[in-house]
*Asks:* 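Below are the structure tokens for one structure; questions will follow.
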Amino acid sequence: MQLVTEAITSRKTMSSARPEDPEHAADLLARIAADQSRAAFSELFRHFAPRLQAYATRQFGNEQTAKDLVQETMANVWHKAHLFKPDRGSAATWIFTIARNIRFDILRKNKYRQHDLSADDLWPVLAEQNESLDDDYALDQDLLMQQLAVYCDQLPDAQRVAIQLIYIEGKSQQEVADALSIPLGTVKSRTRLAIQKLKELIHSDD
Amino acid sequence: MIKFHPSEQQLVEYVAGDLSAAMLITVGTHIDMCPHCQGHVQDIEEQLSQRLFGDPMAAPASWSANLDMMVDAIIKSPAPAHRSLDDSDNYLFLEGKRFELPATLARNYHRIGSWHKMLGKMWRAPVNLGSDEVLNFIYMGSGAQVPEHTHKGHEATLVINGVFVDETDEYRDGDFVLLDGSHKHTPQTQQEDCLTLATLDAPLHFTSGLSRLLNPFSSLFFK
Ligand SMILES: [Zn+2]
């Protein structure tokens, strides 16, 4: 009990906010992504690692495997902090999904081999491309249209329509899906493919 | 509008990674197609992370001395392999048609085996999961019918594209149907064709008339 109090007090002297506070945790991740801040990572580690360790020890009943999970999860937090998107969920939830993926792969590695399903095949939490997607969508609309209007005409019809509805008419992807009676996933992939194509066109002009 | 969704329990097990591989892919594909379940999944992720991280606790005493070392080891560790998504393989081609695959299936494109004709206007392609689990694409041309059958185990069917009907309802893009031995049904297509993803944990059991003759061949639908 005393240990707990001490731990909390000493943390409080360092900073008024704690990693339990979602905004603060998100901020710590942002600092790791931007400046490789060791202090920010230490703070996250102190909060999340012991909890992961307790969880993984219960899960695996094996101290060493539990350590591996903590190590791998936190290594991804450190190296992949730039993949965290605060608008998608909390930092704790992001770290949970990383731990879930690593647990999944550890469990399955013991069971099967070669063609086995991996966590990445199911939940692309740590895949890079997913994220650049969001940056693409976040491109300033006017800028995009000024630079890209010329190229848009070169897109396949279905992709051009999606881009026009989203970037010119300002519809949401769901509204486009409804308007065209196609699945939301189709709208997303058309938009993504269109933006990829546009990027290629721009680069080929460089 | 999607009418049929996985149960709350299945969504929880999906988020936790505790479903079978075949069911993870099937439920994951439904989620790709279903904004309603996407919202649910986010809530469940939050709840599970709350359960995992929410309790107040201090690091074990032995940690405090080693904390700097542990942090150091991670900071100096090599970055995990760069993983990116290759989305060049988003389409299935069959019978002169092109079907766009939801993200989960596109990521597992390399697991899709070749198409074989089953009966009449039906085609099947396996999804290889590296285990003895069975996951198949089933394509029914328009006006096709699967003879009435029950299931010895569970059958989960997800409509990827198109429509099929049975005695009780009509199933469209994104609909997720889970049936067990207590259900008897005769899936069929009408004007439209239908591409589904189906997982079975036991062979179909045909129940009516001549189709009972199919029982020895039910592995056609199964493996
Ligand atoms: Zn749903």
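Treat the numbers as computed from the prediction; the structure is a model and nothing was measured. Every chain is numbered from 1 and lettered A, B, ... according to where its sequence line falls, protein lines coming before strand lines.
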*Asks:* Please report the shortest heavy-atom distance between Phe53(B) and Phe96(A), naming the atom on each side.
*Replies:* CE1-N, 3.7 Å

*Asks:* Identify which of Leu24(B), Ile2(B), Asp173(B), Leu101(B) forms the greatest number of heavy-atom pairs closer than 4.5 Å to chain A.
*Replies:* Leu24(B)

*Asks:* Given heavy-atom pairs under 4.5 angstrom as the criterion, report whether the side chain, backbone, both or neither of Ala103(B) touches chain A.
*Replies:* neither

*Asks:* With chain B as the partner, which of Ala92(A), Ala99(A), Pro183(A), Ala177(A) has the greatest number of non-hydrogen pairs under 4.5 Å?
*Replies:* Ala92(A)

*Asks:* Using a 4.5 Å heavy-atom cutoff, which residues in residues 32-48 of chain B come close to chain A?
*Replies:* Pro35(B), Gln38(B), Gln42(B), Glu45(B), Glu46(B), Leu48(B)

*Asks:* In terms of heavy-atom pairs under 4.5 Å, which option from Gly28(B), Ala16(B), Pro102(B) contacts chain A the most?
*Replies:* Ala16(B)

*Asks:* Shorter than 4.5 Å, heavy atoms on both sides: which option in Ile95(A), Leu184(A), Thr186(A), Leu122(A) has the most such pairs with chain B?
*Replies:* Leu122(A)

*Asks:* So, for Ile74(B) and Ala75(A), which heavy atoms are closest and what is the spacing to 0.1 Å?
*Replies:* CG2-CA, 3.6 Å

*Asks:* Enumerate by number any residue of residues 156-167 of chain B whose heavy atoms lie under 4.5 Å from heavy atoms of chain A; in the absence of such residues, state 'none'.
*Replies:* none

*Asks:* If I measure from the heavy atoms of chain B, does Ala49(A) come under 4.5 Å with its side chain, its backbone, both, or neither?
*Replies:* both

*Asks:* Gln36(A) versus chain B, heavy atoms under 4.5 Å apart: side chain, backbone, both or neither?
*Replies:* neither

*Asks:* Sort Ser118(A) into side chain, backbone, both or neither according to what part of it lies under 4.5 angstrom from a heavy atom of chain B.
*Replies:* backbone

*Asks:* Name the residue from His110(B), Arg107(B), Arg111(B) that meets the side-chain hydrogen bond (donor to acceptor under 3.5 Å, both in side chains) definition with Asp121(A).
*Replies:* Arg111(B)

*Asks:* Could you tell me which portion of Phe48(A) (side chain, backbone, both or neither) has an atom closer than 4.5 angstrom to a non-hydrogen atom of chain B?
*Replies:* both

*Asks:* If you round to the nearest 0.5 Å, how far is OG of Ser49(B) from CD1 of Ile98(A)?
*Replies:* 12.0 Å

*Asks:* Go through the atoms of Gln53(A) and report whether side chain, backbone, both or neither lie under 4.5 Å from a heavy atom of chain B.
*Replies:* side chain

*Asks:* Could you check which of Gly54(B), Ala73(B), Ala79(B), Gly17(B) has the highest count of heavy-atom pairs closer than 4.5 Å to chain A?
*Replies:* Ala79(B)

*Asks:* How close do His79(A) and Pro78(B) get, heavy atom to heavy atom, and via which atoms?
*Replies:* NE2-O, 3.6 Å

*Asks:* Asp18(B) and salt bridge (Lys or Arg N to Asp or Glu O under 4.0 Å): which partner among Arg103(A), Arg100(A), Arg108(A)?
*Replies:* Arg103(A)

*Asks:* Which distance, rounded to the nearest 0.5 Å, do you find between the CG of Leu52(B) and the OH of Tyr55(A)?
*Replies:* 6.5 Å

*Asks:* Should we count CD of Glu192(B) as having more than 12 external heavy atoms under 6.0 Å?
*Replies:* yes

*Asks:* Could you measure the distance from the CD1 atom of Ile75(B) to the OG atom of Ser37(A)? Nearest 0.5 Å is fine.
*Replies:* 8.5 Å

*Asks:* Taking atom CG of Leu117(A) and atom CD of Glu133(B), what is their separation to the nearest 0.5 Å?
*Replies:* 8.5 Å

*Asks:* With respect to chain B, which residue among Met74(A), Arg38(A), Gln71(A) yields the maximal number of heavy-atom pairs within a distance under 4.5 Å?
*Replies:* Arg38(A)

